[in-house]
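Okay, so here's the structure we're looking at.
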Amino acid sequence: MHLTRLALTDFRSYPAADVRLEPGVTTFTGANGQGKTNLVEAACYVATFGSHRVAADAPLVRHGAERAIIRAAVAGAVRDSLVEIEVNPGRANRVRLNRVPLPRPREALGVLSCVLFAPEDLAVVKGDPDQRRRYLDDLLVALRPRYAGVRSDYERIVRQRSALLKSARARGGGIPRGLEVWDDQLVATGAELTAGRVDLVRSIRPHVARAYSAVSGTASDSALRYRPSFRGENEPDPEPGQLAAALREELAHRQGAELDRGVCLVGPHRDELELSIGGLPARGYASHGESWSMALALRLAAFEVLRADGEDPVLILDDVFAELDAGRRGRLAELVAGAEQVLVTAAVGEDVPPELSGARFTVAQGEVISG
């Protein structure tokens with residue numbers, strides 16, 4: 001699949017923008033702060049209904065405007081689609097697919113698939129576990145959009161259960177009324193989410209290993225393992241029934257600690273995706289270059305499992321080449337050059353390897369100029 005048009009109204013720095021796109025490589029160049037990343041951020045928002053830069057929608061709306069509008073025309077192997085999103089901070093967003101309003105925005109998930117490489121990816125390797133959980137969940141939703149509902153339901157359950165534990169602690173302890181109901185929901189939904197994650201880790205593991213060697217240019221071993229919040233040293237089997245039993249057992253075991261602390265200590269929101277290079281944890285031990293190679297390998301693995309469904313996702317390289325040494329630049333370019341559509345942003349055109357030649361746009365003072 002590929003984008004054929006991206007039109008913005010009051011999105012970030014753009015009062016209005018309308019860009020026509022073709023398959024192959026398209027590069028957006030311009031000085032920092034001119035809006036290059038805003039363009040690709042909008043494209044990814046169509047694919048995920050979220051931003052890789054901010055957690056809330058308010059910063060996406062241009063200062064002084066009440067809402068932002070994103071229109072994306074997508075050419076797919078089976079059909080062409082038009083997705084229109086009205087971003088309304090503090091209120092429900094509105095989404096239309098082929099001019100038809102959708103009662104639930106997430107029904108448009110899957111129309112566009114993107115894999116984004118960005119400087120923020122380094123946090124997936126070096127940052128806290130929530131960064132790695134987000135990587136897994138975002139990819140899981142991209143592969144199987146129904147997991148958007150599972151993820152949303154689980155987050156709601158954790159919030160409600162945590163509020164109940166906190167209120168019980170404030171009252172002086174004891175098992176609060178209704179905790180068993182929330183336990184049942186956490187077990188059912190948490191087991192489903194964990195099963196999806198574990199199965200995904202098994203799918204991407206060989207892709208990560210191959211991509212790491214290709215990007216780093218070395219034969220260093222890289223590995224990843226899913227470590228759940230319940231007891232056990234081995235990666236669990238992705239069987240929901242077994243996972244539910246393990247979660248329920250761990251909830252009973254940790255109930256006292258949860259009541260004492262007033263927080264939810266068990267479930268996939270406490271799990272970890274462990275990354276290692278050469279037998280050592282990547283977080284804390286990997287060099288800057290090794291960390292970048294692992295971060296790129298995770299994105300390349302995402303691209304491979306998504307394209308296995310029959311269509312290449314749109315590949316976006318957002319200001320990545322400035323962060324890489326010459327060797328990694330060239331190797332990454334060789335690996336992605338054959339994708340159906342690649343969107344690149346760079347402050348300096350010379351940072352983009354020659355393997356990624358194609359259409360060029362200049363971004364300056366809120367305008368996107370071809371050539």
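By the side chain to side chain donor-acceptor pair (under 3.5 Å) test, Thr37 is found to be paired with Asp318, residues two or more places apart in sequence or in another chain being considered. Phe361 pairs by the ring pair (Phe, Tyr, Trp, His ring centres under 6.0 Å) definition with Phe28, not counting sequence neighbours.
Under a cut-off of 6.0 angstrom, the local environment of CD1 in Ile175 is sparse, with at most 12 non-hydrogen atoms contributed by other residues, nucleotides or ligands. Residue Arg202 qualifies as enclosed at atom CZ: its count of foreign heavy atoms under 6.0 Å is above 12. Other residues, nucleotides and ligands contribute at most 12 non-hydrogen atoms within 6.0 Å of the CZ atom of Arg261. Residue-environment remark: CZ (Arg307) exceeds the threshold of 12 foreign heavy atoms within 6.0 Å. More than 12 heavy atoms of other residues, nucleotides or ligands sit less than 6.0 Å from atom CD of Glu155. Atom CZ of Arg94 has 12 or fewer neighbouring heavy atoms from other residues, nucleotides or ligands inside a 6.0 Å radius.
Hydrophobic clustering places Leu97 together with Phe49 (ILVMFWY residues linked when any side-chain heavy atoms are closer than 4.5 Å, directly or through intermediates). In the hydrophobic clustering of this structure, Val83 does not group with Ile69; members are Ile, Leu, Val, Met, Phe, Trp, Tyr whose side-chain heavy atoms approach within less than 4.5 Å, directly or through other members.
At least one side-chain heavy atom of Arg62 sits less than 4.5 Å from a side-chain heavy atom of Pro15. Using a 4.5 Å heavy-atom threshold, the side chains of Val342 and Leu317 count as touching. By the 4.5 Å heavy-atom criterion applied to side chains, Arg151 and Val141 are counted as neighbours. Annotation: side chain of Leu39 is in contact with side chain of Val363 (closest heavy-atom distance under 4.5 Å). With a 4.5 Å cut-off on side-chain heavy atoms, Tyr226 and Thr194 count as touching.
Between Arg161 and Glu258, at least one side-chain nitrogen of the basic residue sits less than 4.0 Å from a carboxylate oxygen of the acidic one, meeting the salt-bridge criterion. We find that Glu334 and Arg331 are not joined by a salt bridge, their nearest charged nitrogen and carboxylate oxygen being 4.0 Å or further apart. A salt bridge links Asp128 with Arg283: the distance from a Lys NZ or Arg NE/NH1/NH2 to an Asp or Glu carboxylate oxygen falls below 4.0 Å. Salt bridge present: Asp18 and Arg5 bring a charged side-chain N and a carboxylate O closer than 4.0 Å. Between Asp137 and Arg197 a salt bridge is recorded (basic side-chain N to carboxylate O distance below 4.0 Å).
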Donor-acceptor contacts under 3.5 Å from residues 114-124 side chains, at least two apart:
{"residue": "Asp121", "atom": "OD1", "partner": "Arg299", "partner atom": "NE", "Å": "3.2"}
{"residue": "Asp121", "atom": "OD1", "partner": "Arg299", "partner atom": "NH2", "Å": "2.9"}
{"residue": "Asp121", "atom": "OD2", "partner": "Ala118", "partner atom": "N", "Å": "3.0"}
{"residue": "Asp121", "atom": "OD2", "partner": "Arg299", "partner atom": "NE", "Å": "3.3"}

Discussion item. Test side-chain contact (heavy atoms from CB on, under 4.5 Å) on His2 and Val74; report intermediate values, then the result.
Written reply: CA-CA 6 Å; His2 64 273; Val74 183; over 6 Å; no

Worksheet item: Step by step, would you call Arg328 with Ser293 a side-chain hydrogen bond (donor to acceptor under 3.5 Å, both in side chains)?
Response: CA-CA 8 Å; Arg328 287 183 174 83; Ser293 292; 2.7 Å; yes

Worksheet item: Hey, mind stepping through Tyr14 and Asn38 against side-chain hydrogen bond (donor to acceptor under 3.5 Å, both in side chains) and telling me if it holds?
Response: CA-CA 8 Å; Tyr14 291 99; Asn38 297 346; 5.6 Å; no

Discussion item. Please evaluate residues Leu186 and Cys264 with respect to the criterion side-chain contact (heavy atoms from CB on, under 4.5 Å), reporting the C-alpha separation (whole Å), side-chain torsions for both, the decisive distance (0.1 Å), and the verdict.
Written reply: CA-CA 10 Å; Leu186 184 142; Cys264 186; 3.7 Å; yes

Discussion item. Between Met294 and Lys126, does the side-chain contact (heavy atoms from CB on, under 4.5 Å) criterion hold? Intermediate values first, please.
Written reply: CA-CA 10 Å; Met294 176 59 82; Lys126 291 188 168 186; over 6 Å; no

Practice prompt. Just do the side-chain contact (heavy atoms from CB on, under 4.5 Å) check on Ser216 and Glu290 with the steps written out, would you?
Written response: CA-CA 7 Å; Ser216 66; Glu290 288 172 331; over 6 Å; no

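A donor atom on one side chain and an acceptor atom on the other are found under 3.5 Å apart for Glu86 and Asn88. A side-chain donor-acceptor contact under 3.5 Å links Tyr45 and Asn93.
When each of His253, Arg254, Glu250 is checked for a side-chain contact (heavy atoms from CB on, under 4.5 Å) with Leu265, only Arg254 meets the rule. Each of Glu235, Glu274, Glu304 was checked for a salt bridge (Lys or Arg N to Asp or Glu O under 4.0 Å) with Arg205, and the lone residue meeting it is Glu235.
Across every non-hydrogen atom of Leu243 and Ala191, the tightest pair is CD1-O, 3.7 Å.
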